[in-house]
Amino acid sequence: MRAVGILEYGGPDVLEVIDRGIPDPGPGELRVRVAAAAVNPTDLMLRSGELAAYLAAFEPPYIPGMDVSGTVDAAGAGTLFALGDRVMAFVDPFRPQGGAQAEYVVVSAADTVLVPPGMDLVRAAGLPMNALTAHQALALLGLRSGATLAVTGGAGALGGFVIQLAVHRGLRVVAEAATEDEPLLKQLGAEIVVARHEEPGDAPRAGAAAAASLAERYRRAVPEGVDALVDAAVLGEPVLGAVRDGGAVVTCRPGPLALPRGIVRHELDVLAYPDKAAALTELAALACEGLLSLRTDSLLTPSAAPDAHRRLAAGGVRGRQLVVFDGRRDTPAGP
């Protein structure tokens, strides 16, 4: 079978289309004939070597990808799915067989749900990882209806799902956006959109100074401070000024973070999120009702994976890039 492979760590050009054997499912597992697999920021970290410690026990090639859609091709003992079922699944790439970007992928039945009738099978691949991460973020915060939530990176895949899911749960959402993204954030449901950049005529700032300036603009919008912040844009400590004393922040990356004024930190770890199937079932239903948006940026052949990594690293992608395995042939790089 074809797969997107990483034979050595490096830039986007290390990604190759390779040949691998078709895996067999064990007990509690399914083999999925892949329709599509999404490209996400973890793929870039895996490819660069930033996550090498998590793969140290395994030999390359490494296969990226954390979410997949397709049809059940084989089922191990103890599973309730039938051959031919249309499914979507969360995939753990930190295992010997790797992640989702291959023609056939073995997944845990516990991390798999049916794709609802009427949902496009290819575009369903854009839901599992980011939507589950948004679901976990709100579960960690446990905010009551009417609470105020700030979201950085609201136009991105994770931030967009956080906004829509928070609005569905009765939260008041304040999100930052570049001028061109303001209509999108309003469409997603943000009550207040804060300008990402300074007012015209202000001296431009960068890094921590820019994040601190953004925090000031959040405070002008919500003077008492927001109850919680989901930092999907990974701005870090300087943006904590937006949060009220004793509030909370959800962070997407590990690492030290100074917490002023009694602010509580929650760290996302979607790999460890329990009962993914129940959460995915809820999320799929919300998507079918139009309450969550499957924003697809592009459909790509496996050989276009390097370009997808470059675009995601550059920023500004406003939907999921999906690697499609639909019979279009790429030339494999070898075993």
Would you indicate whether the side-chain heavy atoms of [Y] and [X] approach each other to under 4.5 Å?
X: I63; Y: Q97; value: no
X: P302; Y: F325; value: yes
X: K276; Y: S108; value: no
X: P128; Y: V68; value: no
X: V39; Y: R311; value: no
X: D307; Y: L300; value: no
X: E176; Y: R217; value: no
X: P61; Y: L7; value: yes

Do the side chain of [X] and the main chain of [Y] share a donor and acceptor less than 3.5 angstrom apart?
X: D85; Y: V72; value: no
X: D227; Y: T148; value: yes
X: E267; Y: C252; value: no
X: E224; Y: R244; value: no
X: Y9; Y: V14; value: no
X: R123; Y: A36; value: no
X: R265; Y: T251; value: no
X: Q321; Y: A308; value: yes
X: R318; Y: D181; value: no
X: R47; Y: I6; value: no

(message) Quick one, V113 with M88, criterion side-chain contact (heavy atoms from CB on, under 4.5 Å). Give me CA distance, side-chain angles, the key distance, then yes/no.
(response) CA-CA 6 Å; V113 299; M88 68 177 89; 3.6 Å; yes

Path from [X] to [Y] over hydrophobic side-chain contacts below 4.5 Å:
X: L83; Y: V87; answer: yes
X: L294; Y: L291; answer: yes
X: V243; Y: V264; answer: no
X: L165; Y: L185; answer: yes
X: V270; Y: L55; answer: yes

Look up atom [atom1] in [X] and atom [atom2] in [Y], then write down how far apart they are to the nearest 0.5 Å.
X: F94; Y: T42; atom1: CZ; atom2: OG1; result: 6.0 Å
X: L158; Y: I163; atom1: CG; atom2: CD1; result: 10.0 Å
X: R86; Y: L121; atom1: CZ; atom2: CG; result: 5.0 Å
X: F161; Y: L132; atom1: CZ; atom2: CG; result: 10.0 Å
X: L127; Y: S293; atom1: CG; atom2: OG; result: 10.5 Å
X: L138; Y: L171; atom1: CG; atom2: CG; result: 6.5 Å

Of all the heavy-atom pairs spanning [X] and [Y], show the shortest one and how long it is.
X: Y273; Y: A139; answer: OH-CB, 3.6 Å
X: R33; Y: D73; answer: N-CB, 4.0 Å
X: L257; Y: G236; answer: CD1-C, 4.0 Å
X: E182; Y: A177; answer: N-CB, 4.1 Å
X: A284; Y: P116; answer: CB-CG, 3.8 Å
X: A125; Y: S69; answer: CB-OG, 3.4 Å

(request) In sequence, state the C-alpha distance, the side-chain angles, and the governing distance for Y218 and T152, and then conclude on side-chain contact (heavy atoms from CB on, under 4.5 Å). (result) CA-CA 10 Å; Y218 273 114; T152 66; 4.0 Å; yes

(request) Would you please test Q101 and V34 for side-chain contact (heavy atoms from CB on, under 4.5 Å) and show each step? (result) CA-CA 8 Å; Q101 292 172 21; V34 175; over 6 Å; no

(message) One thing to verify: whether R95 and E29 come together as a salt bridge, which I'm taking to mean a side-chain N less than 4.0 angstrom from a carboxylate O.
(response)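 No, no charged N to carboxylate O under 4.0 Å.
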
(message) I'd like to know if E103 pairs up with R2 as an ion pair, taking the criterion as any Lys NZ or Arg NE/NH1/NH2 lying under 4.0 Å from an Asp or Glu carboxylate oxygen.
(response) yes

(message) Taking transitive links into account, so neighbours of neighbours count too, which hydrophobic residues share a cluster with I22 at under 4.5 Å side-chain distance?
(response) M1, Y104

(request) Please list, chain by chain and in numerical order, all residues satisfying side chain to side chain contact (heavy atoms under 4.5 Å, CB included) with A228, sequence neighbours excluded. (result)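 Residues passing side chain to side chain contact (heavy atoms under 4.5 Å, CB included) with A228: L141, L143, L149, A248.
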
(message) I need the single residue from T296, N130, D297 that forms a side chain to side chain donor-acceptor pair (under 3.5 Å) with R320. Which is it?
(response) N130

(request) Pick out which of D92, N40, L46 makes a side-chain contact (heavy atoms from CB on, under 4.5 Å) with M66. (result) N40

